Enquirer: 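Dropping a structure here in structure tokens format, bear with me for questions.
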Amino acid sequence: MPELPDVVGMKRYLDSTSLHQKITHTQIRDDRIVKGCSVQMLYRRLHGAKMTGTVQHGKFLFADLSADGWLVLHFGMTGSLAYYSRDEKPPEYTRMLIDFAGGAHLAYLSKRMLGRLSVADDPQKYLDDNDVGPDALSDEVTADRFIEAMSERRGALKPALMDQSLFSGLGNIYSDEVLFQAGLHPRLEAADLDTSQLRKLYKAMRTVLKAAAEEGGDISGFGQWLVNHRGKGKTCPRCGTEVKSISIAGRRGWFCPECQRKS
DNA sequence: TTCCATGTTCCGCA
DNA sequence: TTGCGGAACATGGA
């Protein structure tokens, strides 16, 4: 689930449930999920703190702990949050459990343990240290900047879109959708595109991410989107041609061979 | 049982 | 130097 739009949804969820409540207890239920700092450090920063706000950047979510720095959340392929009040049992796959003074809880879930929890003194510094580029929906990523970066890049479009050091937020699913809406084949190279095609790619990226982010990542209602028609035997929502898949940069990408020509 | 999966990272190779 | 394929990580579900 968690690409940029999903993390926007996660931010909304955290903001609407968990802010300004004193953290009375934190439990890491599997140490392996904490990366880049010690479990003790994470406990120390969280205990007694309040989350006063959040910042979403690409696939990252940062929770402001005020004087205690920031809690860094990354969701990997199967991460999510669950807030619940009272004395319910924590959901399955809870890797971190935060208890609030009022008795409510915030659980960080990760089925496959591919997510990451950490602490940071400053989000931007953390992003820089981890070689994460600007958020793909931020004002920083203008058409001109996008076109410039892409035309300097060699190799296929799809891995370029998924490269978090260029622009952060797109993963396998959304890169498929962006290429579909731009009418471009995933194996095309940026260097083969003219400016108007790159502009179209940029517009598709922004449109797709914006629409999906508004839904908090729940794009199941977008029947015309390719990603709701990924899979063997499925057909293109635009022209009815059977969709195809290719392996590219270690991932399986889906596309319409009619709408997304190589030339 | 085998393969695949919305993520990242590391290695070897071209 | 850059980008890619493949493996690794870890685990569940089809």
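Labels below follow one simple rule: chain letters A, B, ... track the order of the sequence lines, proteins then strands, and each chain is numbered from 1. It should be emphasised that the depicted structure is a prediction, and the values quoted were computed from it without experimental measurement.
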Enquirer: Give every donor-acceptor pair under 3.5 Å between a side-chain atom in residues 209-218 of chain A and any protein atom, sequence neighbours left out.
Expert:
{"residue": "A/Asp218", "atom": "OD1", "partner": "A/Ser220", "partner atom": "N", "Å": "3.3"}
{"residue": "A/Asp218", "atom": "OD1", "partner": "A/Ser220", "partner atom": "OG", "Å": "2.7"}

Enquirer: Only counting residues at least two apart or in another chain, list the ones meeting ring pair (Phe, Tyr, Trp, His ring centres under 6.0 Å) with A/Tyr83.
Expert: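 None.
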Enquirer: Check the distance between B/dG7's C1' and A/Asp6's CG and give it to me in whole angstrom.
Expert: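 Distance check: A/Asp6 CG to B/dG7 C1' gives 12 Å.
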Enquirer: Both A/Lys59 and A/Trp254 contact DNA chain B. Which one's nearest nucleotide lies toward the 5' end?
Expert: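 Upstream on the strand: A/Trp254.
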Enquirer: Sorted by first residue and then second, give each side-chain hydrogen bond (donor to acceptor under 3.5 Å, both in side chains) pair with at least one member in residues 131-141 of chain A; sequence neighbours left out.
Expert: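 Every side-chain hydrogen bond (donor to acceptor under 3.5 Å, both in side chains) pair that includes a residue of residues 131-141 of chain A, provided the two are not neighbours, is A/Gln56-A/Asp135, A/Glu140-A/Arg145.
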Enquirer: If the condition is side-chain hydrogen bond (donor to acceptor under 3.5 Å, both in side chains), which residues does A/Asp176 pass it with, not counting sequence neighbours?
Expert: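 Scan of A/Asp176 (side-chain hydrogen bond (donor to acceptor under 3.5 Å, both in side chains), adjacent residues dropped) gives A/Lys158, A/Arg230.
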Enquirer: If you write DNA chain C from 5' to 3' in dot-bracket form, with Watson-Crick or G-U pairs under 3.5 Å, [ ] for crossing pairs and | for pairs with another strand, what do you get?
Expert: .||||||||.||||
Enquirer: Any pair with a residue in residues 151-171 of chain A that passes ring pair (Phe, Tyr, Trp, His ring centres under 6.0 Å), sequence neighbours left out, goes on the list, sorted by first then second residue, please.
Expert: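 Applying ring pair (Phe, Tyr, Trp, His ring centres under 6.0 Å) to every pair that reaches into residues 151-171 of chain A, excluding sequence neighbours, yields A/Phe146-A/Phe167.
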Enquirer: Determine which pairs satisfy ring pair (Phe, Tyr, Trp, His ring centres under 6.0 Å) with at least one residue from residues 239-258 of chain A, sequence neighbours left out, and list them in order.
Expert: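 Matches after skipping sequence neighbours: A/His185-A/Phe255.
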Enquirer: With rounding to whole Å, what would you report as the distance between B/dT8 and C/dT1 at their P atoms?
Expert: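 B/dT8 and C/dT1 have their P atoms separated by 25 Å.
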Enquirer: Which whole-number value in Å describes the distance from A/His57 NE2 to B/dG7 C1'?
Expert: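 Nearest whole value for this atom pair: 16 Å.
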Enquirer: How about A/Asp144 and A/Thr142: does a side-chain donor come under 3.5 Å of a side-chain acceptor?
Expert: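 There is no such pair (donor and acceptor under 3.5 Å, judged by atom type) between the side chains of A/Asp144 and A/Thr142.
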Enquirer: Provide, to the nearest angstrom, the distance between the CZ atom belonging to A/Arg187 and the P atom belonging to C/dG3.
Expert: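 Rounding to the nearest Å, CZ of A/Arg187 and P of C/dG3 are 16 Å apart.
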Enquirer: Looking at OG of A/Ser38 and CD1 of A/Ile28, how far apart are the two atoms once the value is rounded to the nearest 0.5 Å?
Expert: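 One finds 10.5 Å between OG of A/Ser38 and CD1 of A/Ile28.
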Enquirer: Just how far, in rounded Å, is P of B/dG7 from CZ of A/Phe60?
Expert: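 Result: 12 Å.
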Enquirer: Could you check which residues of residues 151-171 of chain A get a heavy atom under 4.0 Å from DNA chain B? Sort them by number, please.
Expert: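 Listed by number, they are A/Gln164, A/Gly171.
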Enquirer: OP1, OP2 of B/dT8 versus side-chain N and O of A/His74: anything below 4.0 Å?
Expert: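 So the side chain of A/His74 is within the cut-off, an N or O lying under 4.0 Å from OP1 or OP2 of B/dT8.
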Enquirer: Taking protein heavy atoms under 4.0 Å as touching, what does nucleotides 6-14 of chain C look like 5' to 3' if B marks base contact, S marks sugar-phosphate-only contact and - marks none?
Expert: ---BBBSS-
Enquirer: Can you tell me how far P of C/dC4 sits from CG of A/Leu188, to the nearest Å?
Expert: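 Whole-Å distance recorded here is 13 Å.
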Enquirer: Quick one: A/Lys232 NZ to B/dC3 C1', roughly how many Å, whole number?
Expert: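 One finds 14 Å between C1' of B/dC3 and NZ of A/Lys232, rounded.
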Enquirer: A/Asp30: which residues meet the salt bridge (charged side-chain N to carboxylate O under 4.0 Å, His left out) condition with it, sequence neighbours left out?
Expert: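 Result, salt bridge (charged side-chain N to carboxylate O under 4.0 Å, His left out) vs A/Asp30: A/Arg32.
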Enquirer: Distance-only check: which donor-acceptor pairs under 3.5 Å involve side-chain atoms of residues 102-115 of chain A, not counting sequence neighbours?
Expert:
{"residue": "A/His105", "atom": "ND1", "partner": "A/Asp99", "partner atom": "OD1", "Å": "2.8"}
{"residue": "A/His105", "atom": "NE2", "partner": "A/Arg86", "partner atom": "O", "Å": "3.0"}
{"residue": "A/His105", "atom": "NE2", "partner": "A/Gly103", "partner atom": "O", "Å": "3.3"}
{"residue": "A/Tyr108", "atom": "OH", "partner": "A/His74", "partner atom": "O", "Å": "2.7"}
{"residue": "A/Tyr108", "atom": "OH", "partner": "A/Arg116", "partner atom": "N", "Å": "3.3"}
{"residue": "A/Ser110", "atom": "OG", "partner": "A/Met113", "partner atom": "N", "Å": "3.2"}

Enquirer: In the structure I gave you, are the side-chain heavy atoms of A/Pro90 and A/Arg29 within less than 4.5 Å of one another anywhere?
Expert: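 They are in contact (side-chain heavy atoms under 4.5 Å apart), so the answer is yes.
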Enquirer: Could you grab the distance from atom SG of A/Cys259 to atom CZ of A/Arg238, nearest 0.5 Å is fine?
Expert: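 One finds 5.5 Å between SG of A/Cys259 and CZ of A/Arg238.
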Enquirer: Measure across A/Leu4 and A/Lys59 and return the closest heavy-atom pair with its distance rounded to 0.1 Å.
Expert: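 Minimum heavy-atom contact is N-CG, 4.3 Å.
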Enquirer: Which letter, B, S or -, goes with each nucleotide of nucleotides 9-14 of chain B from 5' to 3', with contact meaning a protein heavy atom under 4.0 Å?
Expert: S-----
Enquirer: Around A/Lys22, counting heavy atoms of other residues, nucleotides and ligands shown, do more than 12 lie under 6.0 Å from its NZ?
Expert: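 Atom NZ in A/Lys22 is not crowded, with 12 or fewer foreign heavy atoms closer than 6.0 Å.
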